[in-house]
Amino acid sequence: MSEPLDIVILGGGTAGWMTATALVSLVPPTRCRVRLVESEEIGIVGVGEATFPEIKYFNDAIGIDEAEMMRATNAAFKLGIEFVDWGFKGSRYIHPFGIHGPANMGHIFHHQWLRAQRMGLKSDIDEYSFAAQAARNCRFDFPETRRSTINSAYTYAYHFDARLYSLYMRHLAEPRGAVRTEGKVREVVQDPQSGDIRSLVLESGETISGDLFIDCSGFRSLLLGQTLGVGWEDWSKWLPCDRAFAVPSERDELSPYTRSTAMEAGWRWRIPLQHRTGNGYVFSSGFIDEDEAAASLLRSLDTRALSEPRLLKFQTGHRTVSWEKNCVAVGLASGFFEPLESTSIYLVQAAIMQLVPLLPAKSIDPRLRDEFNRLMDVQYERIRDFLILHYKLSTRDDAEIWRYCAAMEVPETLSRKIELFRHSAIIEEYKEGLFSLTSWLSVFIGQGLIPENYSPFADTMPEDKLIAQFDEFRTEIQERVEEMRRHDRFIDLYCSAEPPRAPVAAEALQ
Ligand SMILES: Cc1cc2nc3c(=O)[nH]c(=O)nc-3n(C[C@H](O)[C@H](O)[C@H](O)COP(=O)(O)OP(=O)(O)OC[C@H]3O[C@@H](n4cnc5c(N)ncnc54)[C@H](O)[C@@H]3O)c2cc1C
């Protein structure tokens, strides 16, 4: 058998430690050896607090105990995202992590809802989403495993302290075989012929050689961007926010959803954790100055600020390829989207899970590299279009950023989706990349795009039966939600970070 692949990861933020943990957990040591270099002096971004449900698959795949992870990261559950003032000032909708309508009804539900609306039904589509209603009522329970029941048709993600999550990953990765080196990279040595990266030279003089280098160096993109010169595709004309102020505040109601409130030059997040509330204002420096943005954020807090706001600068876009020569970028080194749909940590996990089956031998087959780059391009493009959708569909005209976004031309891949839905309520589906039919539906309808037509299938049911079905369904959701535990109580029993104690088995909470 050939020698194992020597993998060197540069960076110990969320991306670096998630990559290290996954590699030592999913690939046998006979296939690869993992070394991670990080610099405490440089530090990490560490502000990612909201996640997408796919993170559960990642955690399960690497064998994480959920309650233990939640205790270690002060985590809470997340059933979706509430968008306030996005469609117009005063509007409110939830992008839930679960379907609208009964589990067995599939795509026909929203067509029937559109028909019922024309017949005079007044209820919002949110009222037919179990996850949205549980979120609004601050309730939580694990989804029922029998697929036919109303409380089976949802999933969940987490709010957690990203800094603690990367520490938690580190404590898994090291005992499983990842070797950490503290130090700052001074020089990157390349092969004079091929241009491949051969080694990293640290300020201490130590040289770390490898076969495959994973660039998790954050916005610096030290290996892929700076050393290999891979270009940057800028998407800021569609997603103009380029700054964020982040500030923690005292713990508030532990609502199981992220709140995103549209503001005068961007939007503001509110993320409840067990020990504090995370807040931030994502804004465009072209539409507001920094001092005003910081003051606006502080004015809007529901609880007392625990520190001064911290400024983070970014540009939306991605590297033209994520894998070049013998270097793969994961995390911020590969690209960045504002956290509107909590997609950065998802992109880290997507890159890792796509890399593992494509892991090369010591000599890299370019077909593996091409396939990885294709898959990452799809991931980036799907998220880009979905984020732009939120801005494009807003009908606000009270601030320059909203007028700019309403007037901007969007990518053809997105305008096609919008027009298809506008005309016939059909949502283009795809296999690769993020965002299901439910996600698209909730933003289309939530932001006020009501289609001109619905599917003729929806006409098969008699009118009175259709309305009765909606009433019944809404009542059933309300009844089931009322039976659930309050989210804060659920956290206390299952994974309270304070005081530390033995976890309650998930089954005991059923
Ligand atoms: C305002 C904002 C809000 C966000 N909110 C969310 C969210 O809600 N949800 C979400 O999923 N994501 C969010 N993110 C993104 C998330 O924070 C990052 O995707 C995630 O933390 C991954 O970061 P990273 O590991 O790629 O980079 P970093 O955390 O920057 O880590 C970089 C690492 O590289 C090391 N390094 C760099 N240069 C050198 C060198 N020369 N020598 C040695 N080591 C070096 C550093 O020491 C560090 O360990 C947000 C980001 C921002 C900016």
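Both ligands and their constituent atoms are indexed starting at 1 by order of listing.
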Examine [X] against ligand 1 and note whether any of their N/O atoms are separated by less than 3.5 Å.
X	result
Ile345	yes
Ile271	no
Gly12	yes
Thr14	yes
Ala50	yes

(Q) Pair Ile94, Phe83 - check side-chain contact (heavy atoms from CB on, under 4.5 Å), show working. (A) CA-CA 6 Å; Ile94 287 190; Phe83 289 92; over 6 Å; no
Q. In terms of side-chain geometry, is the basic nitrogen of Glu292 or Arg243 positioned less than 4.0 Å from the acidic oxygen of its partner?
A. no
Q.
Testing Phe336, Trp235, Phe337 one by one against His318 for a ring pair (Phe, Tyr, Trp, His ring centres under 6.0 Å), which residue passes?
A. Trp235
Q. Going by heavy atoms, is Phe336 under 4.0 Å from ligand 1?
A. yes
Q. Does even one non-hydrogen atom of Thr51 get within less than 4.0 Å of ligand 1?
A. no
Q: Taking only heavy atoms of Gly183 into account, list the atoms of ligand 1 that are under 4.0 Å away from them.
A: 42 (N), 43 (C)
Q. What atoms in ligand 1 come closer than 4.0 Å to a heavy atom of Gly331?
A. 26 (O)
Q) Is the Phe435-Tyr430 ring centre distance short of 6.0 angstrom? A) no
Q.
Taking the six-membered ring for Trp, are Phe52 and Phe58 closer than 6.0 Å centroid to centroid?
A. no
Q) Hey, mind stepping through Thr277 and Asp302 against side-chain contact (heavy atoms from CB on, under 4.5 Å) and telling me if it holds? A) CA-CA 9 Å; Thr277 306; Asp302 297 327; over 6 Å; no
Would you tell me which option among [options] has the nearest heavy-atom contact to [atom]?
atom	options	value
atom 50 (C) of ligand 1	Val47, Thr19, Val37	Val47
atom 18 (C) of ligand 1	Val45, Thr181, Leu340, Leu332	Leu332
atom 46 (C) of ligand 1	Gly43, Ala246, Gly16	Gly43

Q) Counting only heavy atoms not in Lys362, do more than 12 sit closer than 6.0 Å to its NZ atom? A) yes
Q. Among Arg136, Arg270, His95, which one satisfies side chain to side chain donor-acceptor pair (under 3.5 Å) with Glu82?
A. Arg136
